Each structure stands twice: as C-alpha cells, then as structure tokens.
4 protein chains.
Amino acid sequence: MSSVKRTTDRRGAILAAAGKVFRAHGYAATTMEAVAAEAGVAKGSLYNYFRSKQDLFSQLFAEIISADEADVEQLVTEAIPADEKLQKRIDNVFAQLERYTAIGGLVLEFWATAARQQHKGEMAEMFEQMFSRWRGRISEIVSQGVESGQFRAEIDPNVAASLIVAVVDGIIVQSILDVGVDFGPEYLAGLKKGLLAALTAWADTKPPEYNQQQVPGE
Amino acid sequence: MSSVKRTTDRRGAILAAAGKVFRAHGYAATTMEAVAAEAGVAKGSLYNYFRSKQDLFSQLFAEIISADEADVEQLVTEAIPADEKLQKRIDNVFAQLERYTAIGGLVLEFWATAARQQHKGEMAEMFEQMFSRWRGRISEIVSQGVESGQFRAEIDPNVAASLIVAVVDGIIVQSILDVGVDFGPEYLAGLKKGLLAALTAWADTKPPEYNQQQVPGE
Amino acid sequence: MSSVKRTTDRRGAILAAAGKVFRAHGYAATTMEAVAAEAGVAKGSLYNYFRSKQDLFSQLFAEIISADEADVEQLVTEAIPADEKLQKRIDNVFAQLERYTAIGGLVLEFWATAARQQHKGEMAEMFEQMFSRWRGRISEIVSQGVESGQFRAEIDPNVAASLIVAVVDGIIVQSILDVGVDFGPEYLAGLKKGLLAALTAWADTKPPEYNQQQVPGE
Amino acid sequence: MSSVKRTTDRRGAILAAAGKVFRAHGYAATTMEAVAAEAGVAKGSLYNYFRSKQDLFSQLFAEIISADEADVEQLVTEAIPADEKLQKRIDNVFAQLERYTAIGGLVLEFWATAARQQHKGEMAEMFEQMFSRWRGRISEIVSQGVESGQFRAEIDPNVAASLIVAVVDGIIVQSILDVGVDFGPEYLAGLKKGLLAALTAWADTKPPEYNQQQVPGE
DNA sequence: AATGAATGAGCCTTCATTCAT
DNA sequence: CATGAATGAAGGCTCATTCAT
C-alpha cells in the first residue's frame, strides 16, 4: 500500500543523498555531481527538483528542521511536573545526541557558507524561528514550574529558557567539534542536577568590571 | 624608538585583512584577491607570507587563539574566591562577546570548511587543545571552590567545567547566529545566579527513558 | 551508411587541434585555451576528454605512434630482397619526411618538457618501445639479407639496425632543426648507396685514443 | 696568476648553475630562483648579468657551442690520412658521448621551448652555423680522402658529410633519449667499418615509389 | 522527466621581472 | 653591484548550470 510511493520518490532520494554528502564533505566541497552519484541519478536531473545548489541545501535544511517539530511539540502538553518535563527533554537530547550532532553539523555548514549571498534573509529567518520555537517551549515549561511553585519565583522564564537552550547548544557544539568530552551518564546526571538546582536555588552575584581587547581585522 | 624597523608589517596587515574578509564572506567565498585588496597589497604578495589560502586561514586562526591565551591564564592565579573568579570570567566573556563572536565565527568557518581536506588532523588538534585549556582552567577554579567549601562537595569539577564551557559556547553560538536573544544585564545576572546556584545547591533527578529518530541521509 | 554515429567526434577534433598547436608553439607555450579555440570547443570541454594538459599530450603522442605502426609492419613480410626493403623504407621516410618531422617535433617537445615531471616512467617506456620496434624491424630485414648472402656475414644485424635507425633519426633531426640541408634526390641517392655499400663491403678500422673535455655545470 | 679571476666570476658561476639546472629540469620547469640558488646568488642578481631567462639560456648555449670549436678545428689540419681523421673524429664523439649528450639535451631543450617566441631568428642562426661548421669540417676531410684516392671519386663530399653528421646526431639522440642501445666497442667498431665501407665501396640503388599518410592536426 | 555533454566564469597559484634599499 | 620583497599577468583546472536529445 505504501510501497508504490518509492518508485519515483526522486526528490526524497536526492534530499537524503544531499544530507549524506553535505555532512561528509561540507557545503563548498560538495559537488552536484557527487550528490547525483550518491542519489543514483544524473547530474542534470537534480535541476528538475531543485533550482540550484543553494536551493537544494535550503530545502534539505527546512526538511530536517520540520522533522524535529512534532517530536518536541507534544512534550509541553503532557501532564507531568515541570521538572520532569525538563529532565525528559534533556534525556531526549542526549539520547539523540548523534542525531542532533548531524543536524548541528548541517547548521554550521549552512551558517558558514550558504547563509551568505542571496538567501541570507530567508535563512536567518529559518534560524530565528527554529530557536524561537525551542526557547518558547522551554519557556512554557519553566513558567509552568514557576507557577506551580516548583521553581523559584524570581526566575524570568525567558532568560532561563535562553540559558537552557544555550547549554544544550553548547553541548551539541562540543559534540560536533569532537572536542574530547565524554558525554556519559555522569555528565548527563551532572547537567540535570545543576539545572534543577539553578532553578530551585538562587545565589548572590557581583556586578562586572569591563575590559576590552582587539581581534585582528576588526 | 624601540623598533622603527617594521616600516610596514605586511604580514600583520594581511592577517588583519584576512580576518576581516573571512569573517565577512566565509572561507569558501573569500578570494585571495579580496584579501589582497583589503590588505592593500598585490595578489602575488600574499604568497610571500603564506603558502596557500589554507595556510593563511590556519595561521590567522592560530594567531587569534594564542592572543586569547594570556588573557585567561592570569585569572586562575588571582587571590580571590572561586565564585568571584567564575563571575569574573563570565563578565569577561560578556564584555568581549563581540570579540568572541568574531572568533567563534572563524571557528565555525573553520570547522565547516577548512578543517576538512588535508589539514583535518592538525586542526582538530588545535580545537581540542583550545577547549582543553578552557575546560582545564575552569575546572581548577571549581576545584578551588570545592576545596574551600564554597561549592558542594559532590560536584565533579571536570563535569562542571564542561558544562560551564558549554553554556558559554552556547551563548556565543546564539550570538553568532544572531538568533534574537537580548544579552542584556538581566541575561547576564540570570546566568551568574543560575550558575552559582547550581554549584552551591543540588537537586534530585530521574533516569532517562530513551527513544530514537532518523535524520535524512543517514 | 556504416556509422552516422559520430556526429561531431569531439575527441578527434581536440586531438587534431592539439597536434597543430603543440607543434606550432611547443608544449609549454601552448595554452589549453588555444587548443580549445583551435578545436572550436569551450575550454572546459577539453577536460571532458582529457584529464589534464599532460594527459592530452600523452594521448596525442600515443595516437601518432600507433598510427605509424601498421605502415611499417607490412614491409617485413613482403616478398622482395632485403636490399630493396631497406631502400623502400628509406624511400618511405623521405617521402614522408614532413610527416616524420612533425612526429619528431612532438618527440623532442615531449622529451624536453613533458617527459619530466610525473609521467617520466610511462613516457620513457613509450619511447623505448617505439625505438625497439623500429630497430627490431630493420634488424629482421638485415638478418634476411645476411642469410640470403646479399649482405656480408660479419655484420651484426642489431648493430647495423641501430646505426641505420640512427642515420634516419639524424636526418629527421636535421630536418626538424631546419639546418640548411637540401634533402633532394642526390641526398637520397647518396644515402641509399652508402648504406648498401656499408652492408656489402667491409673496411679496416683503428682503435681509438681517448681524450676528455668539460661541459659547464657538470 | 690566473686564480685571482675566480673571485668575482659571478657570470661564470651563474652560467654553470644554469647549465646544471636547465639540464636537470628542462627550460620551462626551471625557475630563475632555482638557478640563483644553485649559483649561490640572489634572484635579482641574475638580471645584472643576463637580460632575461631567454637571454641566459641563449648565452649558455653559445658558450657551450664555442667551447666545442677549438676541439674540432685542429683535426682538419693534422697530417694523417682522411680515413684516420674520420675514425678519430668518431672516436672523439664516442669518448665524449656523455658530454655530447649533455649538450644535445640542451639543444633539444632549446629547440623545443626557447627557440620560438622572439629569439627564433637568432637561435636558428646559431643552430645553422653549428651544423654548417660541423658539416664543413667533415666535408673537407672527405674531400681530402677523395683527392688522395682513398675514397671513391663518385662521392659528393657535401652529401657524405651531411650523412655522417646525421649518423652522429642520431646516435646522440638515441643516447639522450636513453633508448636502450648499448654503445659498446662493437657498436663503435660497426659504425667505423660501415662508414669506411660506404666511402670506399659503392652500390646500385632503385628509384623510390612514393606514398603518403596523414598526421593529426596537419 | 532523464540524461550527460557542453559551457565559461572564476579562482588559486606560479614566476619572470622590477626596484627601493 | 647585491639583495629579496613586491608585483601582476597569465594559465590550468573546477564545477554549477544549461540544453539538445
């Protein structure tokens, strides 16, 4: 019933091939020929489905992002305490760290090379939306926790959400760059404990004393 | 009076120009011609100082990293409490967010495009060292805090350090991607408070229940 | 009627154009652009048929050599006396002096410029084979003459063949270098007479007294 | 008395270095930098002695040719029979085959690459003169032999000389191209015997029957 | 829709030559 | 005369894109 679909799902095949090749070689070093070869089609055929290399990349990116949507959407609506929701989200990220690393690789790829030029606007928007959605969901969860009294009242859910997203992104970056961190159970436990502690406890801080430095070519 | 020798310092000029152009256009989209023009030298002159485009990029990257060294090194040895050290480091990052964003951009650039190809090994090593150093320093600070009783004893300084680095990196990434976050005083305060709370308080956590999903082209 | 298939035969056209341009300007001074222009194709098209300039040159050379094969091969098997075979071969060379000059030019070109670098081995082999074949054929003819009693028995067919090839090559070289020799009928006659005389007569010789001299840069 | 000269014989040093490098790498693949390095001077200094790369090559070539002059000049005037003179000349060539190979290599180099472009005329002239002189000297020797009755009267000294030069050139070419010939004593003996036989005997020949063939790009 | 040969703009790199010191 | 950094023209090669079949 569903197997007849495959016969001519050229677009999907190309997209999959593109994902593979872009991740392996990077945007710039990926040739349309390589994508075609991986997809098992002729070079010219690519242009029947995508206007250009840029376009292929953009659509691939959009595809990946939208696939991530449903997954997270459901979390917010579940009927469990906020702290468990957070932990569950973290667990998800770690369980799919490999997957997020792959996506993240494409993100970097994208940012670094493709986002410039013409599509800049269109792409920046995609990024912003993706992050907003993320942040929004986390923010809701934190709000729920604050309202239920689980989390401290002084907490600004938006700031907290931004920071939580930042940790996760930072972890993904470290994973992508393969920087020698062992993301084992202790790491995961440490992260969760730290996070909840930060949301339930609160500490005093000092105001900063600024100083500056130069970067070449600034 | 000390050194009127460097009448022009071509190498520095080229490096500065390269930093500017690479950051503006990305590695792949940067032409040697553009760098030369920006530096105010002839195209051929670049090759009197750098063997290739790759080499130029690598040396630029190395330059930037090494410039960051001294800056952070001193922090560890200062005679102030661990929590203040951490806050100071955070303050520094925020104060120089623009600078770190620039560096980070180059890092992404680097990872995404330049690190592949031949120099992969050499470059991966540079990355790993950079992160290790970072982590190492933070880890020392956390250790100091644990020893002095400021921070909770259960904390694993290495895990904590990794996480702290992750937050900071995540923030830098968000800054680079310009994702709509306002890194104002509240954000800074929120971060510092959360951080210290996490280090001084401690919470209970739940074990994860895993689930998986696919990425196109895997 | 037999093959309307090769509507354009790009490869052949490029090869022909390359032969023309290489001969006219030499390997180093020949640009791919010039070859493309001469062939009436776009610069990039050359690389659909030949991997590189070197490759183009090599294939051109191979083509020319192989074209020369059949021509000479038949001579050995013809049912005429050895002396006539030799004369016929000489006649052929003279009749096609222009052609051989062209080939020779490419050979010099080749030796002087292209054979260095990477393909040295592959190319040296081509040379050696070409010469061996030549020599082998002449050697056979001389052998036939010696066996039939036409030529003197003391003659070593291999040495004789080498020398005959040398004269012919020398003539081609002079023709290539355009050194002011008139290759008219008298010259041809003189060569043939001298050759046959040398093979039928035999003279006394003296042992050499050696002396040496220097070349700059040795 | 003569050793003070060396102190500043920069020109000679450069010339020697050029000979070495040109022979090793070929004209096109030789950089002025390499010549300078080999000569132990700075790149710019070359231009104090030679107008250009071409000029350097030309002067090197002229130098080598003129060095060959004296050597052969004396032979003609010696008071020995013509056949011995010829044999002596042949012996000389063989004794110095290595040297002639070196020169020949430069000749090919020159012809193949440098002779084109502007200096074509000047260079062609040098070639022609070199060959003429060669031929002239041999021609004289043959004349002497014909006059003294040693050689046959029907022989045209000019044609004979051309042919003798051709053999020698052919041998040098084979030596340069390193084509698998063993230039041992038998080869030398065979050459000398054949040569003298050709000059003292005489044979009947047949008129040629022409046929043609094509070269790609003609 | 599929194909893949053809295209040509564009880029990195080399190197002979110049010239200020 | 010596030096070597600076120059810039020139060329080989790649590859996204087009288009005739």
Side-chain angles (χ1 to χ4, degrees), chain A residues 8 10-11 14 27-37 39-57, chain B residues 7-11 13-14 28-37 39-56, chain C residues 7-11 13-14 27-37 39-57, chain D residues 8 10-11 14 27-37 39-57:
Chain A
T8 45
R10 283 281 217 272
R11 190 172 173 281
I14 294 173
Y27 180 87
T30 292
T31 67
M32 292 300 262
E33 180 123 35
V35 174
V41 299
K43 212 188 333 180
S45 298
L46 301 182
Y47 291 85
N48 289 330
Y49 298 93
F50 306 93
R51 247 193 323 263
S52 67
K53 191 183 178 184
Q54 277 275 349
D55 185 47
L56 171 57
F57 194 93
Chain B
T7 23
T8 36
D9 188 17
R10 283 285 213 272
R11 188 172 177 281
I14 294 173
T30 291
T31 70
M32 292 301 263
E33 182 129 37
V35 174
V41 300
K43 207 179 350 173
S45 297
L46 301 183
Y47 292 85
N48 289 333
Y49 298 92
F50 306 93
R51 254 194 313 267
S52 64
K53 191 183 177 183
Q54 272 277 348
D55 186 47
L56 172 56
Chain C
T7 23
T8 35
D9 188 16
R10 283 286 215 272
R11 189 172 176 280
I14 294 173
Y27 181 86
T30 291
T31 71
M32 291 302 262
E33 183 130 35
V35 174
V41 300
K43 208 185 342 176
S45 297
L46 301 183
Y47 293 86
N48 288 334
Y49 298 93
F50 305 94
R51 257 192 311 267
S52 65
K53 191 183 177 183
Q54 272 276 346
D55 186 46
L56 172 56
F57 194 93
Chain D
T8 45
R10 282 281 216 273
R11 191 172 173 281
I14 294 172
Y27 179 88
T30 292
T31 68
M32 292 299 264
E33 181 123 36
V35 174
V41 299
K43 211 186 340 176
S45 298
L46 301 183
Y47 292 84
N48 290 330
Y49 297 93
F50 305 93
R51 249 193 322 265
S52 67
K53 190 183 178 185
Q54 276 276 348
D55 186 45
L56 171 56
F57 193 93

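All values below come from the heavy atoms of this structure, side chains included, with hydrogens, waters and symmetry mates left out. Bear in mind that the values here come from a model prediction, so they are computed numbers and not experimental data. Every chain is numbered from 1 and lettered A, B, ... according to where its sequence line falls, protein lines coming before strand lines.
Rounded to a whole Å, the CZ atom of A:Phe50 is 16 Å from the P atom of F:dT18. One atom, NZ of D:Lys53, and another, C1' of E:dT17, lie 12 Å apart when rounded to the nearest Å. Distance CD1 (A:Ile14) to P (E:dA1): 11 Å, rounded to an integer number of Å. If you take OH of A:Tyr49 and P of F:dT17, they are 18 Å apart, rounded to a whole angstrom. F:dT14 atom P lies 12 Å from atom CG of C:Leu46, rounded to whole Å. Taking atom CE of B:Met32 as the reference point, atom C1' of E:dC12 lies 8 Å away to the nearest angstrom. The CD atom of D:Glu33 sits 14 Å away from the P atom of F:dA6 (whole-angstrom rounding). As rounded to whole Å, 15 Å separates atom C1' of F:dG11 from atom CD of C:Gln54.
Summarising the base pairing, E:dA2 is matched to F:dT21 through a Watson-Crick or G-U wobble pair whose two defining distances lie under 3.5 Å.
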Give the intermediate values and the outcome of side chain to side chain contact (heavy atoms under 4.5 Å, CB included) for residues C:Asp9 and C:Arg11.
-> CA-CA 6 Å; C:Asp9 188 16; C:Arg11 189 172 176 280; 4.2 Å; yes

Chi angles and distances behind the side chain to side chain contact (heavy atoms under 4.5 Å, CB included) call for B:Leu56, B:Met32 = CA-CA 10 Å; B:Leu56 172 56; B:Met32 292 301 263; 4.3 Å; yes

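Using a 4.5 Å cut-off on side-chain heavy atoms (C-beta onward), C:Lys53 and C:Asp55 make no contact.
In the set F:dT7, F:dA16, E:dT13, F:dT7 carries the atom at the smallest distance from any side-chain atom of B:Val41. Between E:dT17, E:dA6, E:dT13, one nucleotide has an atom nearer to the side chain of D:Ser52 than all others, and that is E:dT17.
Here CD1 of A:Ile14 is found 5.0 Å from CG of A:Leu46. Values are rounded to the nearest 0.5 Å.
For E:dA2, neither phosphate oxygen OP1 nor OP2 lies less than 4.0 angstrom from any side-chain nitrogen or oxygen of A:Tyr47. The side chain of B:Arg10 places an N or O atom within less than 4.0 Å of a non-bridging phosphate oxygen (OP1 or OP2) of F:dA6. Between D:Asn48 and the phosphate of F:dA2, there is a side-chain N or O to OP1/OP2 separation shorter than 4.0 Å. A sub-4.0 Å separation between OP1 or OP2 of F:dC15 and a side-chain N or O of A:Thr31 is absent. A:Ser45 has no side-chain polar atom (N or O) that falls below the 4.0 Å cut-off from OP1 or OP2 of E:dA1.
Closest heavy-atom contact between B:Ala39 and B:Ala13: CB-O, 4.0 Å.
For F:dG11, the base has no donor-acceptor partner in the side chain of C:Lys43 [N/O atoms by modelled type, under 3.5 angstrom].
Comparing C:Gly44 and B:Arg51 by the nucleotide of DNA chain E whose heavy atom lies nearest to each, the residue mapping closer to the 5' end is C:Gly44.
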